[in-house]
Amino acid sequence: MTKIIGIDLGTTNSLISYMDGNRPRVIPNAKGQVIVPSIVSFLETGYVVGDLAKEQLIKNTARTVYSIKRFMGLALQDLRHELRYFPYTLAEQKGIVTVQIGSTEFTPSEISSMILKELKKSAEDFFGEPITQAVITVPAYFNDAQRQATKDAGRIAGLHVTRIVNEPTAASLAYGLQNKQQGLVAVYDLGGGTFDISILKLREGIFEVLATNGNTHLGGDDFDRKIVQVMAKDIQDQFDLDVTKYIVLIQSMRVAAEAAKCHLTSNETTSISLPLPEGKGTYTRDLHRSEFEVLIKALVMDTVVRCQFALSDAGISASEIDDVVLVGGATRTPLVQQMVEKTFKRIPHTDLNPDEVVALGAAVQGGILAGEVQDMLLLDITPLSLGIEGLGGTVNSLIRRNTTIPTQAKEVYTTSTDNQTAVVIHVLQGERELSRDNRSLAQFHLPLPPAPAGFPRIEVNFIIDANGILNVAARDIQTGQSKAIEVKPSYGLTEEAIDEMIQDSIKFSEADIAERLTIEARNEMDALETSTVKILTEEKGVLEEGERNQIEQALKNLREARDESDYRILRKSNNELNNATKHLAEIAMDHQLKAALENKTITEIVS
């Protein structure tokens, strides 16, 4: 049986795991350590990964790369607010952020592949055989670009990535395997660089994700950064030293801040001591837990707000949650545990090691795919709605957010203009009513033979696979001509834009819906005017003068109302013309049916 290992590719640390019978276990490296720091350092003799790279953080600062997961699938512009925090050089190549080491540039996928190779080697040494297949976890709120970048990292490392699994979902698998829990579970996942909250329904071995929310740029690294900012201000005030001019000092501050944060998880006070450059002496400071909690409170509150959004999306209240599971090293922070307990009104579970639980769940998913685990089923969801642009810049959603994946959706569309020779399929992601406010994923053209408006039938098919990757196909039903595209990641999307999509959909919902209704009413108005004028011309002489005058007056009123922004006024004009042309439409339909009967094509028309 082919072995499929599980990998937690983390911002701060990474782990690899496997199924040992019915239990997932983390694989140790040659030194017996299960946690591999997600750090790569470039030396004259090559690169090193993990603990060896961590030792280079201060003495080889500019050539030691950490927190690479924060850059996956992003452009340099997306990181403009964070660039000053990283001592190594960041550049850009074809819209993708790169790390520049000497004259060589590495993508985040390439750096990540070096970490994956180290994990792969540990597994191969452990089993004594080659490892070629893996399940890799990602934050639930990773977008298409970030997921694809993660798959690319696996491929570069020589791994076939059989499944990309959301980290909170993986944690629920590990938790469910241990407890066989029934009911509703909230998985609160706060790692080194990302936060996710997932609401899951567990029942008879089925793990169904009801809702998810999160922030791909919030984690323990940001807690460290708050301490660094305090240290920088102290050093400036006390020693008149601008720390931003000293890369090695900044890195030393970051390492000291991380150590202080960890010490405060079990102690009320910690001491910081740092030698300063230019013979300025030594900076020392005592940091109390209460001071630290003031620094990070806004960050923790951000996670609480996202928990409330997830509960709302799932259609449940906090009191209905049966259990809360904590995942990620940052959940060891006492303030985090207190706020989670307050939010969900119950003490969170910490039965499993929060550093290991995601990797354990990835092994379970690998076991399911390899047939080793028979009594479990994972039902994941897509976090944002997917659709295409419609007439007037509206959005036609085919797959709504929080839909269980894998999934498929089909819709049939037509043309709005006579003799169109092609239609543009513009694929969108987001929650807003108009295409301009959503994320553009892809565009392609489907050729059409010239035909009257409304005659072509174009079937659009959306398929989301188990990895959350979207495939879109369009087919002209009459001719059978088709075109398909695997939606490639759109690098360069700002994290702020993704993060605000759902909140903006709520904030602007009333205005968005009103504008959409106006556009739809105007589209209907154009179609009514075109068809009415056409029928009037074709049926000239069949109407009494009074009836014709009534239709022409309704047409005039409709044209005068076209520039109105209130959809109710537009609808009123449409209704007026519809009512005025009822008899005319009946006459036109009667003539069409008679013509069809004469040409013996009634069967084709009815079909």
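Heavy-atom basis, side chains included; hydrogens, waters and symmetry copies ignored.
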Could you tell me whether [X] and [Y] make a salt bridge, using a distance below 4.0 angstrom between a side-chain N and a carboxylate O?
X: Asp125; Y: Lys121; result: yes
X: Lys31; Y: Asp51; result: no
X: Asp302; Y: Arg306; result: yes
X: Lys245; Y: Glu278; result: no

So, do [X] and [Y] sit near enough that their side-chain heavy atoms are less than 4.5 Å apart?
X: Ile321; Y: Ile199; value: yes
X: Thr331; Y: Val340; value: no
X: Val99; Y: Leu90; value: yes
X: Ile131; Y: Tyr18; value: no
X: Val187; Y: Thr169; value: no
X: Leu57; Y: Arg254; value: yes
X: Thr150; Y: Ile164; value: yes
X: Gln337; Y: Thr333; value: no

Pair Phe42 and Tyr88, ring centroids less than 6.0 Å apart: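 No, too far apart.
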Distance flag, aromatic centroids of Tyr188 and Phe344, threshold under 6.0 Å: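 Phe344 vs Tyr188: aromatic centres not under 6.0 Å.
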Candidates Arg346, Glu341, Lys345 - the one meeting side-chain contact (heavy atoms from CB on, under 4.5 Å) with Val324: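 Exactly one option meets the side-chain contact (heavy atoms from CB on, under 4.5 Å) with Val324, and it is Arg346.
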Ile27: which of Leu15, Ile16, Ile7 passes side-chain contact (heavy atoms from CB on, under 4.5 Å):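 The passing option is Ile16.
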Lys NZ or Arg CZ of Arg70 over Phe86 ring: under 6.0 Å, within 45°: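 Arg70 over Phe86 ring: no.
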Donor-acceptor side-chain pairing of Ser113 and Glu110 below 3.5 angstrom: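 No, because no side-chain N or O of Ser113 sits under 3.5 Å from a partner of the opposite role on Glu110.
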Pair Thr107-Ser109, side-chain donor/acceptor within less than 3.5 Å: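 Distance-only check fails for Thr107 and Ser109.
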Compare every heavy atom of [Y] with every heavy atom of [X], then report the nearest pair and how far apart it is.
X: Lys297; Y: Leu335; answer: CA-CD2, 4.1 Å
X: Arg63; Y: Leu43; answer: NH2-O, 4.1 Å
X: Thr137; Y: Leu9; answer: OG1-N, 4.1 Å
X: Met231; Y: Ala256; answer: CE-CB, 4.3 Å
X: Leu326; Y: Pro348; answer: CG-CB, 3.6 Å

Should the heavy atoms of other residues, nucleotides or ligands under 6.0 Å from [atom1] of [X] be counted, would the total exceed 12?
X: Lys54; atom1: NZ; answer: no
X: Ile347; atom1: CD1; answer: no
X: Ile247; atom1: CD1; answer: no

Any residue meeting side-chain contact (heavy atoms from CB on, under 4.5 Å) with Asp286, in chain and number order, not counting sequence neighbours: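 With neighbours one apart ignored, the set is Thr269, Ser271.
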side-chain contact (heavy atoms from CB on, under 4.5 Å) partners for Pro275, two or more places apart: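 Not a single residue meets the side-chain contact (heavy atoms from CB on, under 4.5 Å) criterion with Pro275.
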Verdict with reasoning, Ser290 to Glu293, per side chain to side chain donor-acceptor pair (under 3.5 Å): CA-CA 5 Å; Ser290 58; Glu293 289 179 346; over 6 Å; no
Straight-line distance of Met253 CE to Glu258 CD, nearest 0.5 Å: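 Result: 14.5 Å between the selected atoms.
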